Every structure is written in C-alpha cells, then in structure tokens.
Amino acid sequence: MQAATSMDSTVTDLGHELRRTHLRAMLNGRLLEERLRSLYRQGLIHGGVYLGFGQEAFSAAGGCCLQKGDVFAPLIRDMAGRLAFGETVEEVLRTYLGKRSGAMRGRDGNIHRGSLEQGILPMISHLGAMLPTAAGILLARRLRGASGSVGLAAIGDGAMACGATHEALNAVAVHRLPLVVMVANNGYSYSSPNSCAFACDDLVQRAEGYGIPGHHCDATDPKAALATMAGAITAARETGQAQLVVGKLLRLCGHGEHDDGAYMDAAQREAARDCLSFGPEQAVADGILAAGEWDQWRQVITTTIDTALATVEAEPDAEPAQEDWQAWSESWPGLEAAP
Amino acid sequence: MQAATSMDSTVTDLGHELRRTHLRAMLNGRLLEERLRSLYRQGLIHGGVYLGFGQEAFSAAGGCCLQKGDVFAPLIRDMAGRLAFGETVEEVLRTYLGKRSGAMRGRDGNIHRGSLEQGILPMISHLGAMLPTAAGILLARRLRGASGSVGLAAIGDGAMACGATHEALNAVAVHRLPLVVMVANNGYSYSSPNSCAFACDDLVQRAEGYGIPGHHCDATDPKAALATMAGAITAARETGQAQLVVGKLLRLCGHGEHDDGAYMDAAQREAARDCLSFGPEQAVADGILAAGEWDQWRQVITTTIDTALATVEAEPDAEPAQEDWQAWSESWPGLEAAP
Amino acid sequence: MSATSYAGALRLALDHALRDDDDVFIYGQDVAGSFGGAFKITKGLSDRYGDRVINAPISEDAIAGMAIGAAMEGMRPVIEFQFADFATIAFNQLVNHAGTTYWRTGKPCPLTARLPVGGTPGGGPFHSQMAEAWLGHHPGMVVFAPATVDDAYCMLRQAIASNDPVIFCEHKYLYEQVRDDSFNPDLASALPAGEAAIRRHGRDCTVVAWSAMLYDALRAADVLAREHGIEIEVIDLRCLRPLPRDGVLGSVSRTGRLVVASEDFPFGGVAAELLALVAQHGFGLLDAPPVRVSSLDTPIPFHPSLWAAHRPQAADIVAAVIQTVRF
Amino acid sequence: MSATSYAGALRLALDHALRDDDDVFIYGQDVAGSFGGAFKITKGLSDRYGDRVINAPISEDAIAGMAIGAAMEGMRPVIEFQFADFATIAFNQLVNHAGTTYWRTGKPCPLTARLPVGGTPGGGPFHSQMAEAWLGHHPGMVVFAPATVDDAYCMLRQAIASNDPVIFCEHKYLYEQVRDDSFNPDLASALPAGEAAIRRHGRDCTVVAWSAMLYDALRAADVLAREHGIEIEVIDLRCLRPLPRDGVLGSVSRTGRLVVASEDFPFGGVAAELLALVAQHGFGLLDAPPVRVSSLDTPIPFHPSLWAAHRPQAADIVAAVIQTVRF
Ligand SMILES: Cc1ncc(C[n+]2csc(CCOP(=O)(O)OP(=O)(O)O)c2C)c(N)n1
Ligand SMILES: Cc1ncc(C[n+]2csc(CCOP(=O)(O)OP(=O)(O)O)c2C)c(N)n1
Ligand SMILES: [Mg+2]
Ligand SMILES: [Mg+2]
C-alpha cells in the first residue's frame with residue numbers, strides 16, 4: 001500500500017490502488033450500513049443502529065492508511081474504516097444479529113464490537129475512553145522495543161469536549177506516542193450543533209495547545225480526506241509523534257436510526273455533498289475509476305453482503321445456557337457464590 | 001480601584017494605588033506564609049502546609065483586580081491573592097489552627113478554606129474541580145439577570161492536564177461566561193517538571209483552541225503580572241468572555257513543607273527572580289514606593305500577624321462534642337440512625 | 001392512550017418546577033430545542049422557559065461542577081445525564097463536592113441530578129446500569145428511585161425543592177410502560193420522600209423492591225398468592241438514601257421474613273445494606289434468613305436473552321420467597 | 001530500626017516484580033526520578049528499571065485508560081494514584097473498562113492500581129477515604145487490602161501476577177507504623193489472595209476487619225480478654241473482592257457472633273455485604289444480631305480530634321462485642 005508522506009495535507013500523488021481501495025471501502029461501508037438500516041427496520045437487530053452516512057470518505061481514509069499490526073479505535077460511525085482495516089462483513093453481521101460466533105458473543109453489541117487480535121479495540125460507550133487505551137497499547141509496544149506501528153483513534157466534534165479526550169491528547173503528546181486522533185466534525189453531537197460543543201473556529205486549533213501537528217480537510221472530498229489521513233498517519237509513523245486530524249463533513253442521517261434528525265438545519269443538509277456521490281465522479285475525472293465500474297462494485301458488494309447474511313443468519317444465537325457468568329479470568333480461591 | 005483596560009498585556013498606566021495595593025498584598029502573603037511555616041515547624045498546625053513563595057506577584061494581581069461581588073476560586077498557592085481579595089489574617093489562622101471559629105470549623109483544613117459570602121470558594125482537593133463550580137456561579141448570575149461580576153480561578157501547570165480543567169475551559173468558552181483562568185506555571189507539578197505535564201511551548205497556546213483570548217506574562221515581574229491580570233479581568237468584565245492567563249514563574253519552595261524540593265533544578269532555582277525582592281526595587285524605581293516604606297510595611301504586617309495570632313490562639317478548638325454529625329441539610333423523615 | 005406515563009409525569013414535574021420557581025433551570029446534553037433530551041423528558045420546555053433549559057457539551061464532570069456552583073449561589077439546577085452509566089464521569093463532583101458541601105461549609109447544595117437507570121433489552125453493559133450503590137455510599141447524598149407515576153411527579157418536585165443534592169434515578173423501562181389514567185398533579189400523593197410505601201399488604205413475607213423491580217415483585221405477589229397461597233407484603237422503597245428504615249423494619253415485624261429484590265449488581269450496595277440493617281436491628285423479628293435477589297455478578301449483557309437471564313425476574317422472587325417461607 | 005516496614009515491603013514487591021518480569025512497568029504521578037512518589041514507595045526504582053518507571057501527567061482517567069491498553073497488549077502495568085480519593089477521576093475507566101474487559105472480550109486485563117487509602121490525623125475529607133465500596137461493587141473488580149508486612153509484599157506480587165484488574169488498597173497509616181523484623185521475602189507467607197487469615201483465635205465472637213482496622217480489632221481483643229474475659233476471633237479479610245466467604249462463615253460457625261469493623265462510611269459497601277452474607281447464608285449460626293462498626297456518616301473531618309471521633313476506635317469494637325456477647 002502506497003501512502004503519501006507530505007505533511008502539508010495537499011498530497012496529490014496518492015497512487016491508483018490506494019484511491020481505489022479507499023473508494024471501495026467507502027462503498028462497502030455505505031452498502032453494509034444501508035443493509036443494517038433495513039434489517040433494523042424489519043426488527044431483526046437488537047439494540048441501536050448508528051450509521052456513518054456521509055463520513056465514509058474520512059473513516060475509510062483512516063482505515064486504508066493503516067497497516068497490519070497497527071491499532072484502530074473506531075467510533076460509532078466507522079463502518080467504512082473498519083472494513084478498510086480488515087473487518088469482514090460476516091464479523092459485522094454476527095454482532096448485529098447477536099450471534100454467539102460474533103466477537104462479542106452477544107455479551108456486548110453492535111458498535112462496541114472489536115477484536116484485539118485484529119487490532120480493533122472493542123469500545124466502551126463512554127466517549128473519549130478509547131483514546132488512552134489506544135495510547136496504552138502504543139506505550140506497551142515501545143516499552144517492549146517494538147516499533148513501527150501507529151494507532152488511530154476516532155472521535156467526534158462533540159466528544160472533543162470530554163475530559164477523557166483531553167487527558168489522552170495531552171498524554172500522547174507528552175509521552176510522544178504515535179497516535180493519530182481523527183476528529184469527524186459532522187456538525188452535530190446528537191441533536192446539538194457545533195455551537196454547543198466548542199467555541200473555537202476549527203477544532204484543529206487544539207493541536208498547537210497540545211504541541212502536536214494538526215491537519216484539516218474537507219472530508220466530503222475523498223481525495224482530500226485520503227491525502228490528509230495518509231499524511232498524518234505517515235507522519236506519526238515516521239516521527240513517532242501524535243497527530244490531530246479534523247475532517248469537516250455532515251452527518252447525513254439521524255444520530256441513530258431511532259432518531260429522525262428533525263432538528264438538523266434543512267438548508268445545510270440540502271447543500272451538503274455526499275462523499276459517496278462525489279467520490280466516483282471525482283475518481284472517474286481523475287482516471288482512477290472506469291465508467292461503470294462503480295456499479296459493478298456495488299453489485300459485487302451487494303452479493304457479498306447477501307451471502308454473508310445468509311451464512312450468519314444460520315449461526316446460533318447467543319444463549320444463556322452457554323454462559324459461565326464469570327467476570328473474572330482467574331479462579332479466585334475465595335470466589336463467592338452468587339447470593 | 002483603577003484597572004487597566006488594554007488587552008495587549010502591556011498596560012503601564014496601572015495607577016499608584018493599585019500598584020501599592022498589589023505590592024502590599026504580596027508582602028502580606030509572604031509574611032503570613034513565613035509565619036505558617038514556622039508554626040508548622042513548631043508542630044502547631046494540623047495537616048499539610050503548602051506555600052506560594054514566588055507566586056505572590058501573580059496571585060496578588062488576581063486578587064487586587066477583583067471587585068467585591070466577584071468570585072474567586074483560589075488554589076493552594078494563593079495566599080497573596082486571597083488577602084488581596086479581602087480574606088483577613090485571623091480568618092486564615094483560624095483554619096490553620098483548627099479553630100471552630102474558622103470558616104471550615106475544623107471539618108476541613110487549611111488551603112481548603114473559603115467562604116461563599118466572601119466569594120471565595122472552599123476548594124476540594126481534586127485539581128480542576130473548582131473551575132466548573134466558579135463557572136456555575138457565573139451562569140447562575142446570568143440566569144438571574146445579575147451582570148457585572150466576573151470569576152477568577154487559579155490553576156497550576158500540572159493541573160492543566162486534568163480532564164476537569166479542560167471540560168470547564170471549554171464550557172466557559174461555549175457558554176460565554178466571564179471566568180478568568182489564571183495558570184501559575186511554576187515549573188513543577190509536585191516533583192515533575194513541565195516536560196511531564198505538557199508538550200506545547202507555552203500553555204497560553206491552549207487559549208485559541210478554546211476560542212478565548214490568551215494572555216501571558218513573566219509573573220516574577222510584579223508590574224507585568226498586575227498589568228496582565230488587570231487586562232484580562234477587565235476584558236472578562238467588559239466582553240463577558242472567558243480569558244486564559246499564563247504566568248511564568250518558579251515555585252521557590254518544596255511542593256509542601258514536608259517536601260524539600262531536592263529534585264528541583266539547582267541552577268534554575270539559583271537564577272530565579274523572587275518577586276518579593278524585585279517588586280520593591282521596581283516600585284522604588286517607578287516612584288511608587290518611597291525608600292524605607294517597604295520595611296515599614298513589613299513591621300506593620302508583622303504586628304498584625306502577631307496580634308491576629310494571639311487572638312486566634314485563644315479561641316476554642318474544634319471539638320467532637322460540638323458536632324451534630326449531619327451531612328444532610330434537611331431533616332429527612334427516614335433518617336437512619338448511624339448503624 | 002391518554003393516561004399519563006411515568007415520562008410524562010417527569011416532564012410535568014419539570015414544567016411546574018420551572019413555572020413556580022425562577023431559580024430552577026435545566027442543564028444537560030441535548031435537553032433544549034425541539035429535541036428535548038435522549039428520552040424526550042424535557043421536550044417543549046425550552047419553548048416555554050427559554051434560557052432556563054440549556055444544552056451542555058459532552059462534559060459530565062463540568063455539568064455537575066457547574067450545577068454545584070449554581071446551587072451554591074442559591075439556584076436549583078436540574079442536570080440530566082443521558083444515561084446513568086455516564087454519571088461515572090461526574091462521580092468525583094457528585095460525591096466529593098456536592099455531597100460534602102453542606103457539611104464542610106454549612107451552605108446547602110440544592111441540585112437534582114436526573115439519571116436514566118436500569119436495563120432494557122439490547123441496552124448492553126453501558127446503557128443499563130443502576131446507580132444507587134456507587135452514588136449512595138458517600139455521606140451527604142440523597143437517592144430517589146420512584147416506581148410509579150405519582151412518585152415520578154411528586155418525588156421529582158421534592159428533589160428539586162430539597163436543599164440537598166439528590167440523585168434522581170428514573171428507570172428507562174418505566175418511561176412509557178408505566179401509565180396511570182387517574183394521575184392528577186394537584187391530587188398526586190405527596191408521601192414524604194424517605195418513607196417507604198406498602199404497595200401490597202401481606203402477612204407471610206416482606207419483599208422490598210424499588211424502581212422497575214417493584215413490578216416484578218408485584219407480579220411475583222400475584223403468582224405466590226394464586227399458585228402457592230402465600231401473601232407477600234410488597235414494600236416500595238422509593239427513597240434509597242436515606243433509607244426508610246422504619247417502614248422496612250415495621251413490615252418485617254409483621255411478616256418475620258425478608259426478601260430484597262434488586263436489579264443492581266449483587267456485591268455491596270443497597271440490597272446488602274437492607275439485609276445488614278434488618279439483621280442488626282431486626283434480628284429478633286426474623287423467622288428465617290433474609291434473602292437477596294440481585295442480578296448476576298457480570299456486566300449487563302447486550303443480547304436480550306442473556307439479559308433476561310442476568311436480570312432477576314419475578315420467578316426468582318417467587319423462588320426466594322418460597323425458600324424463605326418454607327425455611 | 002532495621003525491621004521492614006509495610007512501605008518497604010511494597011517497595012520490595014515492586015522491585016522484585018520489575019526484576020522478574022520485563023512486562024511489569026509503573027506509571028503514575030511523580031513515581032520516577034529521585035522522588036519516588038508521594039509516599040516514596042517507588043523511590044530508587046527508576047534508577048534500576050529506567051524507562052519502566054514512568055511519570056504521568058495529572059490525568060487519572062488517562063492513566064487508568066493507558067494501563068488498560070497496556071494490559072490488553074499483555075503487559076502488567078502497576079499504576080499509582082497519589083491518594084485513593086483521586087481515583088474517583090478514573091472511576092469510569094476502572095469499573096466500566098478494566099472491570100468489563102475480560103467478560104466482554106475474553107481477553108484478560110492484568111493491571112494493578114495502587115491506592116493509598118485511609119485516614120491519618122489532619123488528612124481531611126479528600127486524603128483519607130477508603131475505596132473498597134465504590135470500586136468493589138462492579139463485576140470484574142478484584143480488591144486487596146493487606147494489613148501486614150508479609151501481605152503487603154505477597155499480595156502486591158499476587159496482584160501484579162493476576163490476570164484480573166486489582167485495586168490494591170494500601171493504608172497510609174500502616175506505611176511506617178507496621179514493621180516486621182522477621183520479614184523475609186523468600187519465606188513470606190503466600191496465603192492465597194481470597195482466603196481470610198485468622199489473626200487471633202477466640203471462641204466468643206468473630207470480629208472481621210481489614211487494612212488498618214485490623215490493629216484496632218487486635219487492640220480490642222486485648223482489652224476484651226484482659227478486662228472482660230471475652231475471647232474474640234480476629235479475622236483479617238485481606239481480600240475484599242472476591243470475599244473470603246468460607247473463612248468468615250467458618251469463624252462464625254465456631255463463635256456464633258459477628259462484629260464487622262470498618263473504617264469506611266456506614267452505608268452499603270463491604271461491611272454491609274458481610275452482614276448480608278452471614279445473615280443469609282449463616283443465619284442458623286448466629287446466636288446474636290451481627291453488628292457493624294463503621295465511621296460516622298459524614299465526610300472525614302480534618303481536625304484530629306474530630307477525626308478520632310469520626311473513625312471507629314478499638315473502644316467502639318469493644319463496646320460492640322460486649323453488646324453482642326451479652327445479647
Ligand atoms: C461520556 C459520554 N456522555 C454521553 C454519551 C452519549 N452520547 C453518545 S453519542 C453522543 C453524541 C456524540 O457526538 P459526537 O462526538 O459529535 O459524535 P457523532 O455522534 O456526531 O459521530 C452522546 C452525547 C456518551 N456516549 N458518553
Ligand atoms: C485530581 C488530582 N490528582 C492528584 C492530586 C495530587 N496533587 C496535589 S498538588 C499536585 C501537583 C499540582 O501541580 P500544579 O498544578 O503545577 O500546581 P502547583 O502545586 O505547582 O502549584 C498533585 C499532583 C490532586 N490534588 N488532584
Ligand atoms: Mg458529531
Ligand atoms: Mg506547578
């Protein structure tokens with residue numbers, strides 16, 4: 001995988017393959033999430049469904065630029081990035097459908113899924129909490145003398161207000177840990193616009209105060225998003241230093257599928273560019289994608305999803321009889337019986 | 001009280017009286033803390049003693065520029081600022097000597113003392129925790145339609161890493177609350193130098209990321225400290241906007257009196273300017289202070305402390321028999337007896 | 001359905017509190033605007049009370065800290081956490097600051113913190129937890145956990161009127177499930193907070209519950225009466241801190257037996273406190289060992305069928321009562 | 001005095017853990033350099049183990065979060081909080097992240113969090129608290145509270161070796177007060193964590209204590225034996241989560257009476273859990289009501305004479321035992 005090295009976020013020489021991988025991951029994410037939405041509406045999914053519509057270019061850019069062995073702490077809108085980093089459609093569906101075969105075995109759900117072997121952290125719900133955890137993994141690697149890998153942690157505009165986010169950003173700067181924090185500024189934090197979340201002009205202004213490089217992009221532009229993430233991730237890998245990347249975009253759905261997003265600014269939504277529409281146009285214009293190829297991809301991906309769904313649906317659900325109800329990994333001698 | 005209004009932190013026209021008030025508060029703080037140190041060494045004080053040696057110019061500048069009705073959330077090294085804002089020597093001693101007459105009635109101690117009537121918040125130990133509380137008071141006032149007052153909250157270089165500090169700084173920026181956050185960068189956070197606490201060049205760089213004005217000064221220079229604080233506090237009062245002020249100085253003592261500060265950089269300490277030495281020189285040169293006046297002040301303050309100490313020592317100690325051991329203010333009908 | 005829901009009663013209580021006292025204000029994530037909070041409890045209030053319904057950043061620690069400041073200044077802030085699970089972020093401010101203020105300073109700290117607690121199918125480990133154990137342990141805290149529509153209204157008004165910091169636990173499962181078509185805010189029973197309510201009389205065994213678990217206890221009561229001829233007395237604790245000690249001991253003095261049913265984790269907490277209290281102060285009243293029914297000792301599972309096995313059910317209460325009564 | 005102190009044993013345990021396993025590292029405020037932490041427990045270790053003793057910013061939440069990451073990666077981080085009271089800031093990471101990791105993911109989370117707990121004269125409300133109740137309530141947490149020099153050493157090594165997250169409560173009062181001149185790390189008794197220790201045998205009443213309160217219980221035992229002819233059995237709990245259930249029930253089965261002495265606040269928590277446990281599972285063993293001796297239900301006072309009235313003393317244990325025995 002070829003990655004840009006310039007840090008000025010204006011890299012254009014991204015390489016054909018990377019751009020295609022990126023686009024395909026975007027489409028992968030969108031189509032899988034559209035399927036999740038329809039499964040949700042059919043009542044086939046337990047718990048909430050949160051989608052990354054509009055964020056695919058940014059998220060996938062992160063996932064594409066990571067290497068095997070890197071650590072990724074995705075957030076609730078990172079389907080595209082997860083798939084780009086290597087999660088499979090089956091793995092996703094297993095968790096959404098509450099299968100015991102899924103990474104979380106029915107114990108935890110949906111957006112919390114992750115696999116330490118794959119380098120995808122299984123998030124807890126508390127916003128900001130996964131940043132220090134990703135940092136701790138990088139610290140552990142440094143202490144063990146293993147170098148070369150970086151971390152990528154996703155966060156939203158709203159969660160930049162969390163104390164946890166701040167403590168982690170400061171800590172990675174102080175300890176010089178190569179964590180790339182990618183902020184998807186999608187205009188809203190649940191129902192609240194940016195004005196409820198921060199008062200600076202652009203969250204990238206936070207970088208200087210932590211003493212780390214900051215990057216910014218229009219993340220509805222797939223090429224810009226990819227160039228910026230490639231630059232930031234390469235910089236982290238080469239300098240060992242943390243990076244802050246802010247992608248500007250718009251959440252093209254409700255907060256979750258239970259939410260119609262009626263509070264969103266209609267004009268803003270009208271005017272918003274969908275990276276999934278712009279992406280293929282841009283790619284065709286750049287000679288990266290042949291005419292008609294996008295639709296072929298769509299068909300292939302749809303088939304993949306169909307097949308995966310059929311496989312996963314047949315797998316057994318999580319069920320209480322299979323559970324040992326042990327929260328400790330050790331057999332402590334004094335283990336009290338459940339009262 | 002005359003206060004500078006310029007926001008460029010280079011105000012020179014501070015007015016005679018303010019400069020004298022400021023200097024006197026600095027001396028007040030130093031002499032009272034020297035007395036506390038000697039009482040501590042005599043074993044006459046319960047709990048720890050934490051001193052503000054070297055921080056008097058900065059702290060007093062904050063206290064001097066506040067007006068009655070403002071809110072002050074001091075930290076552990078703000079004796080000078082407290083006295084400048086109106087705390088009396090008796091009040092200080094009552095708490096240090098564990099008197100029931102003290103604001104904390106023996107229930108809490110020393111640096112935690114405060115009085116809501118006087119607008120001095122009784123801090124809890126957790127660093128950063130008082131910032132949102134000061135902000136909440138300002139919010140309450142705005143909701144009640146009371147305008148004109150500002151808040152001042154002290155914090156250290158180390159505690160700028162706390163999540164609580166971040167959440168509060170962001171919240172005052174978002175809600176446009178006139179809280180001035182004064183950061184005494186005294187080089188150390190307990191035993192840890194700045195390099196353990198942050199990675200930016202100067203903590204004032206944080207201001208932009210919050211979207212609030214930032215101010216910086218060499219806080220070993222009393223005139224600069226006063227001008228900067230005057231500018232920031234006036235700006236908060238006039239614009240209603242939060243302000244971040246960073247004062248560079250050095251802690252001229254251990255973290256607490258139990259700590260010899262042996263880990264401090266000897267050369268740095270040697271080279272450090274003590275605002276209590278430089279202050280009177282500067283003032284004499286500026287024609288603010290007459291020759292010999294400083295020593296007269298010293299005598300007057302010493303006498304005040306002697307008298308206050310004699311008064312307070314005669315007052316009764318906190319004692320269990322006087323306690324009702326009720327943590328609730330209400331008489332709940334179901335109040336359980338202590339088991 | 002025109003009956004008032006638990007959620008509706010909460011909304012009305014906030015509405016009336018804002019109406020009656022200019023010092024009341026609401027602060028929390030997404031509470032303002034047309035949205036009105038994750039559970040819509042504050043919906044419409046910002047239209048009526050404008051700047052007294054304020055959206056907060058995702059900063060639970062600052063939200064609590066600011067409420068403490070406003071309360072010290074004499075206002076009566078009501079803060080909303082989106083889920084009780086996220087109040088962990090504000091834990092320090094709540095227990096170490098709000099809880100200690102009156103005792104340290106002699107000045108009250110009249111804030112109300114609304115926490116949507118408890119499990120729902122698919123809620124998972126971080127949107128399902130109870131909060132009474134970890135927020136009730138420290139001195140100075142008051143903890144309410146209403147189960148009925150009347151209590152939702154009355155206790156929220158009492159919480160806001162109280163001069164102490166109140167942790168107000170609203171069970172998410174009850175928001176829409178519990179409805180009362182005779183609810184009338186003017187007539188709503190104003191049993192003092194701190195007194196337990198007897199929701200069903202019975203002579204054979206006392207079953208103490210609170211929040212959503214009350215309904216499991218009432219279902220268990222039906223089963224026990226119908227199928228086993230056992231009449232349990234169901235005590236709704238309502239207020240967990242202070243604990244309605246007399247109500248519990250009084251009931252046990254009549255029945256001689258105690259089962260405590262709690263949705264919370266089994267270790268420590270309010271159910272342990274109740275058994276300890278009765279063991280120490282009502283030892284002579286007990287004809288059989290007191291029994292706890294709690295959740296299993298793991299995080300709360302996401303999958304509905306695991307969740308149903310994890311959370312105590314009416315059947316578990318039935319079994320515990322039978323064991324106790326047959327002792 | 002060449003006897004090993006409790007603090008010295010802790011330092012030695014860290015030293016040996018760092019020596020024996022490259023995956024062990026220490027992270028916390030001021031732990032490195034010549035300073036070695038607020039209580040000097042890590043003094044000298046950074047000279048020997050260099051970059052495995054790391055100073056942290058004042059960011060308790062990040063400290064815990066980073067330790068979780070390192071533990072997930074297979075290392076064995078030992079984090080130090082400067083005072084247990086400041087672990088409230090890390091509460092969320094500890095209970096919701098560390099405590100749930102194994103259950104959610106099947107991967108262990110082997111971190112040790114060292115918390116200096118407990119009161120000292122002049123410590124005041126925020127440098128004196130116990131931590132077992134609020135950190136022990138959630139599933140997945142392990143809580144140790146050693147009282148002796150041997151246990152300080154052995155249990156810290158066990159904590160670090162354990163694959164579960166361990167909250168390691170070190171009592172500040174014991175650091176220098178408890179010394180043992182026969183301590184030898186090679187011979188130190190390695191009673192498994194999770195088993196209680198009988199520190200004094202007696203037939204008349206079981207007194208359960210842990211951490212510094214053990215010594216009050218032992219003092220009470222002397223007074224009771226000398227002045228009242230009452231022989232109490234003193235159980236040192238050592239490990240609070242999991243609770244050494246068999247050791248406690250076994251002792252109560254011999255004495256028929258139970259007093260639990262705890263420095264912690266009275267509401268909920270471990271003392272309540274013990275009474276509940278024995279009431280439910282040892283009801284038939286009890287000849288008298290079990291009794292709790294806890295602190296008063298207010299924040300911890302700063303003034304030493306108020307503090308002495310707030311914290312339970314040997315005399316309170318004596319009184320509780322007499323009440324129980326005379327029942
Ligand atoms: C600490 C914490 N508080 C509150 C929540 C509830 N919550 C979940 S998502 C969300 C909004 C997040 O906004 P943002 O960070 O902008 O991410 P986005 O949803 O826009 O992707 C909130 C408030 C939470 N998960 N964690
Ligand atoms: C949340 C929290 N963590 C740790 C401490 C312990 N502590 C007290 S003072 C201090 C150092 C503070 O450094 P800084 O903020 O630079 O202030 P300074 O002491 O230099 O004035 C620490 C770590 C605390 N009080 N609160
Ligand atoms: Mg957002
Ligand atoms: Mg400092």
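We use all heavy atoms of the structure for the numbers below, so side chains are in, but hydrogens, waters and symmetry mates are not. As the structure is a computational prediction, the values presented were derived from the model and not from experiment. Lettering follows sequence order; numbering is per chain, from 1.
Of the atoms belonging to H112(A), it is side-chain heavy atoms, and not backbone ones, that fall under 4.5 Å from chain C. If you measure heavy-atom distances from F86(C) to chain A, the contacts under 4.5 Å come from both the backbone and the side chain. For H127(C), the part lying under 4.5 angstrom from a heavy atom of chain A is the side chain only. Neither the backbone nor the side chain of E60(C) comes within less than 4.5 Å of any heavy atom of chain A. Within the 4.5 angstrom heavy-atom criterion, only backbone atoms of I300(C) (N, CA, C, O) approach chain A. Proximity to chain A is limited to the side chain of T88(C), based on heavy atoms less than 4.5 angstrom apart. Neither the backbone nor the side chain of A62(C) comes within contact range of chain A, judged by heavy atoms closer than 4.5 Å. Looking at D61(C), there are no atoms closer than 4.5 Å to chain A (heavy atoms on both sides), in backbone or side chain. Heavy atoms closer than 4.5 Å to chain A are found in the side chain of S34(C), but not in its backbone. Contacts between I124(A) and chain C at a heavy-atom distance below 4.5 Å involve backbone atoms as well as side-chain atoms.
Because its NZ or CZ atom is not both nearer than 6.0 Å to the ring centre of F35(C) and within 45° of the ring axis, K43(C) does not count as a cation-pi partner of that residue.
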(Q) Could you walk me through whether N186(A) and Q55(A) satisfy the side-chain hydrogen bond (donor to acceptor under 3.5 Å, both in side chains) test, starting with their C-alpha distance in whole Å, then the side-chain angles of each, then the deciding distance to 0.1 Å, before giving a yes or no? (A) CA-CA 8 Å; N186(A) 63 5; Q55(A) 310 200 179; 2.7 Å; yes
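Within 6.0 Å of OH on Y190(A) lie more than 12 heavy atoms contributed by other residues, nucleotides or ligands. Residue Q42(A) places its CD atom among more than 12 non-hydrogen atoms of other residues, nucleotides or ligands, all under 6.0 Å distant.
In this pair, H310(C) and W325(A) present their aromatic rings tilted. The plane angle is within the 30 to 60° band.
At a cut-off of 3.5 Å, with distance as the only test, a side-chain donor of Y210(A) or H166(A) sits close to an acceptor on the other residue. No hydrogens or angles considered: a donor-acceptor pair under 3.5 Å links the side chains of Q82(C) and D30(C).
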